[in-house]
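Side-chain atoms are counted along with the backbone in the values below, which use heavy atoms only and exclude waters and symmetry mates. No experiment lies behind these values; they were computed from the predicted model shown.
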Amino acid sequence: DFNKVKSISVTSRRDVHGHRPLRKVCMNRGIVCAMAVLTVMALATCCVADDETSVGIDVPDDARLIYSYGDTTWYNGSYYCDSDVTFNSRITVQGSVVLYLVSGCKLTINGGINVGDSCSLRIEGDDDGVLIAKASGSDAGIGGNYGSPGGKITINGGEIYAYGGSHGGAGIGDGHQIPSNGSTNLTVVIGGGTIVAEGGLDAAGIGGADTNWVGGGEITITGGTIKATGNTWAAGIGSGYMGNVENITISGGTVTAIGGKDGGAGIGSGPGRSGTQTGSISITGGTVTATGNDGGAGIGGSGAGKGHD
């Protein structure tokens with residue numbers, strides 16, 4: 001009796017070849033629908049809700065499943081996680097990759113995710129799709145390796161925890177100590193999700209890392225719930241020790257930024273940067289709480305350096 005049907009849950013995982021024939025769909029009663037059934041007479045009808053249809057994130061059919069002990073290099077294309085998966089080495093993004101965190105997944109990467117200067121990673125996720133990216137050494141939790149800047153990192157959903165390596169990587173952003181003749185085109189865009197980002201030694205939660213002598217980089221926040229904490233001498237959102245992030249723009253979301261001890265700004269600069277910062281901080285919306293530490297401004301300069309305009 002389809003009139004008594006309250007909910008239907010259909011789940012299909014990939015076959016042995018890695019193809020994804022059908023994603024999870026949850027429906028309530030009230031609307032007539034047709035469901036394909038993989039049998040000879042493959043059609044059935046049912047009554048589902050006229051007031052609610054919940055389908056979660058839209059994962060492309062050609063997305064590749066992530067599983068423990070799988071590939072540690074993600075090439076151009078889409079990947080998804082729908083279960084409890086752990087890697088004990090760093091993941092490397094090559095080209096442009098989209099990561100989907102399906103409801104109930106917990107993807108733990110002990111080593112973090114390398115998104116290099118010429119590469120991009122976009123993260124989409126259900127509210128309870130979890131990613132934990134914990135770098136080691138001087139790497140960013142999500143972003144550059146030691147001596148290298150991060151690429152383009154976009155987060156639109158999911159529950160993300162990103163921790164820089166203990167020797168100087170940002171939580172989300174650059175790796176430690178980009179050479180003085182180098183450059184960074186780091187771009188971080190956050191439009192949704194819940195994000196906790198903590199820098200390693202002298203590195204920002206989101207932005208630059210320790211002794212990144214080069215200028216550059218853009219951070220844009222339009223939504224989401226973000227908590228970014230800088231380590232010693234680093235901003236919560238902005239630059240690490242002796243570094244510079246050019247432009248920081250916040251127009252939405254709930255943002256909490258905490259500067260590191262010994263002079264880190266909440267949003268802005270870490271100490272030690274000589275000269276005048278050429279970048280800017282623009283806040284036009286959202287709820288922003290920014291706390292400097294040991295003389296660092298809540299928004300602006302560090303306890304021993306120059307702030308943004």
Side-chain angles (χ1 to χ4, degrees), residues 72-74 87-97 99 109-123 131-155 160-190 195-219 228-248 260 264 269-273 279:
T72 56
T73 300
W74 297 345
F87 288 89
N88 289 314
S89 59
R90 191 161 175 82
I91 297 292
T92 297
V93 167
Q94 293 282 356
S96 297
V97 168
L99 171 63
I109 305 175
N110 295 314
I113 303 175
N114 174 30
V115 184
D117 193 30
S118 61
C119 300
S120 69
L121 173 66
R122 189 178 93 232
I123 300 173
L131 167 65
I132 301 170
K134 186 175 183 179
S136 60
S138 301
D139 300 333
I142 302 174
N145 287 340
Y146 170 70
S148 301
K152 183 174 183 180
I153 301 160
T154 303
I155 301 174
I160 315 298
Y161 299 88
Y163 305 99
S166 60
H167 296 297
I172 299 173
D174 292 332
H176 166 71
Q177 207 164 20
I178 299 171
S180 59
N181 61 350
S183 63
T184 177
N185 295 313
L186 171 69
T187 302
V188 178
V189 179
I190 299 175
I195 298 101
V196 174
E198 297 182 7
L201 181 66
D202 302 345
I206 299 175
D210 176 20
T211 55
N212 284 351
W213 299 85
V214 299
E218 307 273 342
I219 300 170
T229 304
N231 206 303
T232 307
W233 292 348
I237 298 174
S239 66
Y241 175 67
M242 292 295 294
N244 181 25
V245 171
E246 287 292 312
N247 297 306
I248 302 169
S269 304
R273 178 73 176 183

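Closest non-hydrogen pair, W74 versus V97, comes out as O-CG2, 3.6 Å. Minimum interatomic distance between A140 and G173 (heavy atoms only, all atoms of both residues): CB-O, 3.4 Å. In plain terms, the two heavy atoms of A204 and G238 that are nearest each other are CB-O, 3.6 Å. Closest non-hydrogen pair, G236 versus A228, comes out as O-CB, 3.4 Å. Residues A234 and G240 approach most closely at CB-CA, 3.9 Å, considering heavy atoms. The two residues G168 and A209 come nearest to each other via the heavy atoms O-CB, 3.1 Å.
Rounding to the nearest 0.5 Å places OG1 of T154 at 12.5 Å from CG of L99. Rounded to the nearest 0.5 Å, atoms CG (N110) and CD1 (I91) are 10.5 Å apart. Between the CD1 atom in I123 and the CD1 atom in I153 there is a gap of 8.0 Å [rounded to 0.5 Å]. Rounding to the nearest 0.5 Å gives a distance of 4.0 Å between CD1 of I190 and CD1 of I206. Atom-to-atom distance recorded for I248:CD1 and E218:CD is 9.5 Å, nearest 0.5 angstrom. One distance of note links OG1 of T232 with OH of Y241; it measures 11.5 Å at 0.5 Å rounding.
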request  = Check step by step if side-chain contact (heavy atoms from CB on, under 4.5 Å) holds for I172 and I195.
outcome  = CA-CA 10 Å; I172 299 173; I195 298 101; 3.9 Å; yes
task = Run the numbers on I109 and L131 for side-chain contact (heavy atoms from CB on, under 4.5 Å), then give the verdict.
result = CA-CA 8 Å; I109 305 175; L131 167 65; 4.0 Å; yes
inquiry  = Determine whether D139 and N114 satisfy the following criterion, side-chain contact (heavy atoms from CB on, under 4.5 Å), listing intermediate values before the conclusion.
reply    = CA-CA 8 Å; D139 300 333; N114 174 30; over 6 Å; no
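Take S96 and apply the side chain to side chain contact (heavy atoms under 4.5 Å, CB included) test, not counting sequence neighbours, and it matches N76, S120. Every residue meeting the ring pair (Phe, Tyr, Trp, His ring centres under 6.0 Å) condition with Y146, not counting sequence neighbours, appears here in chain and number order: H176.
Under the 3.5 Å distance criterion, the side-chain polar atoms of D174 are matched with a main-chain donor or acceptor of G150. Although no hydrogens or angles enter the test, the distance criterion places a donor-acceptor pair under 3.5 Å between the side chain of T187 and the main chain of N185. Although no hydrogens or angles enter the test, the distance criterion places no donor-acceptor pair under 3.5 Å between the side chain of N231 and the main chain of A203.
Within the structure, salt bridge (charged side-chain N to carboxylate O under 4.0 Å, His left out) contacts touching residues 142-153 (residues at least two apart or in different chains) do not occur.
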